[in-house]
2 protein chains.
Amino acid sequence: MKITIKDIARMAGVSIATVSRVINNSKPVNEDVRMRVLKAMEQTNFLPNAMARNLAKNKSYLLGVMIPDVKNTVLDDLIHGINHVSELYGYNTMLSLTSGMLENELHYFNKFREIQADGIILASDYLKENLITNIKQTNIPCILVGRDRSDAIPSVHIDNITAAYEAVTYLIQQGHRKIGMLRLRNEDIASGYHRYQGYAQALTEAGITINGDWVIECGVSVEDGMMAMRKICETTDIPTAIFCATDRIAIGAINYLYERGLSVPDDISIYGFDGIDMASIIRPKLSTVKYSATEIGMTAARNLIKLIKGETITPRHWVIPHYLKNRESVRLLK
Amino acid sequence: MKITIKDIARMAGVSIATVSRVINNSKPVNEDVRMRVLKAMEQTNFLPNAMARNLAKNKSYLLGVMIPDVKNTVLDDLIHGINHVSELYGYNTMLSLTSGMLENELHYFNKFREIQADGIILASDYLKENLITNIKQTNIPCILVGRDRSDAIPSVHIDNITAAYEAVTYLIQQGHRKIGMLRLRNEDIASGYHRYQGYAQALTEAGITINGDWVIECGVSVEDGMMAMRKICETTDIPTAIFCATDRIAIGAINYLYERGLSVPDDISIYGFDGIDMASIIRPKLSTVKYSATEIGMTAARNLIKLIKGETITPRHWVIPHYLKNRESVRLLK
DNA sequence: CTGAAAGCGCTTACAG
DNA sequence: CTGAAAGCGCTTACAG
C-alpha cells in the first residue's frame with residue numbers, strides 16, 4: 001500500500017539510486033530522467049520515508065524541545081521563535097511538556113535520545129544536577145533556556161538579577177521603602193533565586209533592611225499568587241509595594257487584593273515580571289519587566305544548530321535584553 | 001561513539017537477536033543471559049535507536065498533533081489530555097503549531113507523513129476541503145478536534161450550536177432582547193459558524209429579530225475583541241448584551257468597554273465561551289460556556305489509537321458535554 | 001550521468 | 001532458548 005522509492009524507480013524505469021538523487025538534488029541527473037522520476041512521484045503522491053533516510057544518514061533533523069507548560073504568552077513566543085529558525089534550517093521540532101518536573105524531563109530526554117534527536121532545547125525552571133549529568137555524559141547538543149549560571153551547558157536567558165534589581169529600584173524611586181516580594185521557590189539555581197537576588201540587592205543598596213515576613217515563596221499559578229498575597233496581608237505591618245516573580249503571580253495578587261477590597265495601586269503597588277499579554281489587559285494595567293521570548297527562542301535554536309554542525313559557539317551564554325514597562329499598578333509615594 | 005545493539009551483543013557474548021529479545025521482552029530468554037545483556041545495557045547507558053526499530057517494524061508510535069497556537073488554557077488542557085492517554089498506550093506525541101493557517105497545516109501534514117506518524121490529531125478552526133481530501137487520500141488515521149459536521153473524518157468536539165443556543169437563551173431569560181454577537185469569521189464550517197447558528201436559533205425561538213449591525217465578525221485575539229466591541233459601540237442603538245464566540249474576545253470586549261468608561265454588566269452584559277482560566281480572574285468575572293478540553297484531548301487520542309490498531313470505532317463523532325458557568329458579567333434586566 | 005551493492009540499527013521468521 | 005540471515009526504505013561510495 002505505502003509506496004516507496006523502489007516503486008518510483010520501477011515506474012520511471014531507473015534505479016533507486018537515481019531516484020534518491022533527484023529527491024535530494026545530491027548529484028546531477030539528466031533532465032529527462034529527472035522529469036520521469038518527478039512525474040512518478042507526483043502521480044503517486046510519494047513522500048520519502050524520513051525514518052529510513054535518517055537511519056541511512058545518521059541524522060534526524062529533529063530538535064527536541066522541552067518546556068514546563070504552554071499556557072502563557074512567554075512560552076508561546078518562545079516556541080514560535082524556536083520554530084521559526086528551525087524551519088529556516090530544515091529542522092523539525094518535537095515539543096514535550098514537562099510540567100517542570102524532573103521525572104518528566106528525564107523521561108523526555110530519553111525519548112529524544114531514542115528518536116535520535118540531533119539536539120535538545122531545554123526550558124526548565126528547576127534544573128537538577130541529575131539531568132545535567134545525563135546531558136553531559138550522553139554528549140548530545142543541548143541549549144538551556146531561561147536560566148543563568150549553568151556553566152556546564154550553553155544557555156540563553158535574560159539577566160534576571162539585573163532585571164529584578166531595576167524593577168525594585170524603580171519602586172524605590174517611586175518612594176516605596178516597604179517592599180515585599182512574591183518569589184518562586186528556590187530549588188537549585190532557578191531564575192526564581194536570581195530574581196530574588198536582584199530584589200535583595202536593590203533594597204540593600206538603598207539601605208533598606210529586608211523584612212523576611214514580606215518575602216513569600218509561591219508557585220507559578222494565578223491561584224498561588226492569590227494565596228501568597230493573602231499571607232502578606234496577614235502580616236501586622238503591610239508593605240506598600242510588592243515585586244512579583246512573574247506576571248501570573250502578580251495577577252493573582254491583584255485579584256486577591258481586589259476581592260479583599262483593597263485598591264491597586266492606591267493601597268498597594270504591584271510589579272510583575274515577564275510582560276505577558278494579560279498584563280496589559282488586567283486592571284490596573286500591570287507594570288512589568290518585559291523581554292522578547294521570541295528572541296530567546298530564535299537565539300537558542302540558532303546556536304543549537306551551530307552546535308549540531310560541530311561549530312564552536314562563543315560565547316556559550318547569551319543574554320537577551322529586557323526593559324521595564326511601567327504602567328498603572330505602581331503608585332508614586334511622596 | 002554511539003553505541004548500538006551490536007556492541008551490547010558483543011559485550012554480553014550473545015547475538016543481536018537475543019539482545020533485541022530482552023529489550024522487547026518478545027521471547028523467553030535464559031535468566032543469566034538476560035542479566036548479562038541488561039548489565040551491558042546499563043553500563044553503556046544504551047538506548048535503542050527508535051528510527052531503526054520503527055523502520056523494521058513499520059510502525060513509529062508517533063502521533064502528530066496540530067493545533068493553531070498554544071497560548072490559551074483550552075489548548076493547554078487539550079494537549080495534556082492527548083499526552084496523558086498517548087503515554088498510557090506507549091505513543092509519543094509530536095506537536096506542531098499551525099497558526100490556524102492552511103498552508104502550515106498542509107506543511108506539517110506532509111512532515112508527519114514523512115516521519116511516518118501512525119496517526120494525526122488535527123485541531124483546526126478553519127478546515128479547508130483541500131486538507132480533507134489530502135487526509136482521505138493518504139488514508140492515514142486522523143481525528144479532528146473542535147469541529148462538528150465533518151462527516152468525512154472522525155471527530156471529537158462539543159455541541160457548539162446547542163451550547164451557544166443555551167448561553168443566548170440564558171441572556172434572554174435574564175431579560176435581554178437586544179443581544180449582539182462578536183462572532184468568528186465564517187470560513188468553511190468552523191465552530192465560529194455553529195456558535196452563530198446557536199445564537200440565531202435562540203433569538204428566533206424567542207421571537208427576536210436579528211439585528212445585523214450587532215453581529216460583528218472578528219479574529220481570535222483580545223485585540224480583535226476590542227476592535228469588534230468598538231464597532232458595536234458605534235451603532236446608533238447599542239445592545240444590552242453581547243454574546244462572544246470566545247473568552248479572549250469577551251475579555252477584549254470588556255477591556256474596551258472599561259476604557260470607554262462603560263460598565264459591565266451595568267451598561268452592557270457580556271457572555272463568553274470556552275471557560276479559560278482568565279475568565280474568572282478578569283473583573284467582572286466572566287460568564288462563559290465551559291467544557292473540558294482535557295476530556296476532548298483524551299477522547300481524541302484514545303480513538304485515534306483505536307483507529308491505528310485497525311479497530312472500527314463507533315460512533316465516529318464524539319460530543320463532549322458543556323455547561324454554563326454564570327458569573328458576574330451578565331445583568332438581570334427587568 | 002547511472003546502477004549494483006553495502007550499510008544504517010533494528011526485528012523477526014526460520015532452523016536448530 | 002539461541003543464532004544466522006533477510007528485510008525495513010533509504011544513502012552513498014565505487015565502478016563504469
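Sequence lines set the chain letters: A, B, ... in the order given, protein chains first and strands last, and positions in each chain run from 1.
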Note to self: Identify the stems formed by DNA chain C, where each pair is Watson-Crick or G-U wobble with both distances under 3.5 angstrom and a stem is at least 3 consecutive pairs.
What the structure shows: C:1-3 with D:14-16, C:5-12 with D:5-12, C:14-16 with D:1-3
Would you give me the side-chain donor-acceptor pairs under 3.5 Å for residues 298-310 of chain A, sequence neighbours excluded?
{"residue": "A:T299", "atom": "OG1", "partner": "A:E295", "partner atom": "O", "Å": "2.8"}
{"residue": "A:N303", "atom": "ND2", "partner": "A:T299", "partner atom": "O", "Å": "2.9"}

Margin query: Using whole Å, what does the distance between atom C1' of nucleotide C:dT2 and atom CG of A:N30 come to?
Written below: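 Going from A:N30 (CG) to C:dT2 (C1'), I get 9 Å.
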Check: What residues form a ring pair (Phe, Tyr, Trp, His ring centres under 6.0 Å) with A:Y108, not counting sequence neighbours?
Finding: none
Margin query: Under the rule for ring pair (Phe, Tyr, Trp, His ring centres under 6.0 Å), what residues qualify as partners of A:F46, not counting sequence neighbours?
Written below: none
Margin query: Could you work out, with salt bridge (Lys or Arg N to Asp or Glu O under 4.0 Å) as the rule, every residue matching A:E31, not counting sequence neighbours?
Written below: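 By the salt bridge (Lys or Arg N to Asp or Glu O under 4.0 Å) rule, A:E31 matches A:R34.
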Next item on the list: Not counting sequence neighbours, which residues clear salt bridge (Lys or Arg N to Asp or Glu O under 4.0 Å) with B:R316? List them please.
Entry: none
Check: Of the nucleotides D:dC1, D:dG3, C:dT2, which one has an atom closest to the side chain of B:S15?
Finding: D:dG3
Check: Can you name the residues that form a side chain to side chain donor-acceptor pair (under 3.5 Å) with B:T138, not counting sequence neighbours?
Finding: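 If we apply the side chain to side chain donor-acceptor pair (under 3.5 Å) test to B:T138, skipping adjacent residues, there are no hits.
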Next item on the list: For A:S20, enumerate each residue passing the side chain to side chain donor-acceptor pair (under 3.5 Å) test, keeping only those at least two apart in sequence or located in another chain.
Entry: A:N24
Margin query: Determine whether B:S60 and B:N54 satisfy the following criterion, side-chain hydrogen bond (donor to acceptor under 3.5 Å, both in side chains), listing intermediate values before the conclusion.
Written below: CA-CA 5 Å; B:S60 69; B:N54 298 346; 5.5 Å; no
Checklist line | Any pair counted as side-chain hydrogen bond (donor to acceptor under 3.5 Å, both in side chains), so long as it reaches residues 94-103 of chain A, sequence neighbours left out | finding: none
Notebook entry, point to check: Tell me, for nucleotides 9-16 of chain D in 5' to 3' order, what letter each nucleotide earns: B for a base near a protein heavy atom under 4.0 Å, S for only sugar-phosphate near one, - for neither?
Noted result: BBBBB---
Notebook entry, point to check: Which whole number of Å gives the distance between the C1' atom of D:dT12 and that of D:dG16?
Noted result: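 It comes out at 16 Å once rounded to the nearest Å.
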Checklist line | Interface residues of residues 108-120 of chain B with DNA chain C (non-hydrogen, below 4.0 angstrom) | finding: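 Going residue by residue through residues 108-120 of chain B, none turns out to have a heavy atom under 4.0 Å of DNA chain C.
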Checklist line | Pairs involving residues 9-18 of chain A, ordered by first then second residue, that meet salt bridge (Lys or Arg N to Asp or Glu O under 4.0 Å) (sequence neighbours left out) | finding: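 Non-adjacent pairs meeting salt bridge (Lys or Arg N to Asp or Glu O under 4.0 Å): A:D7-A:R10.
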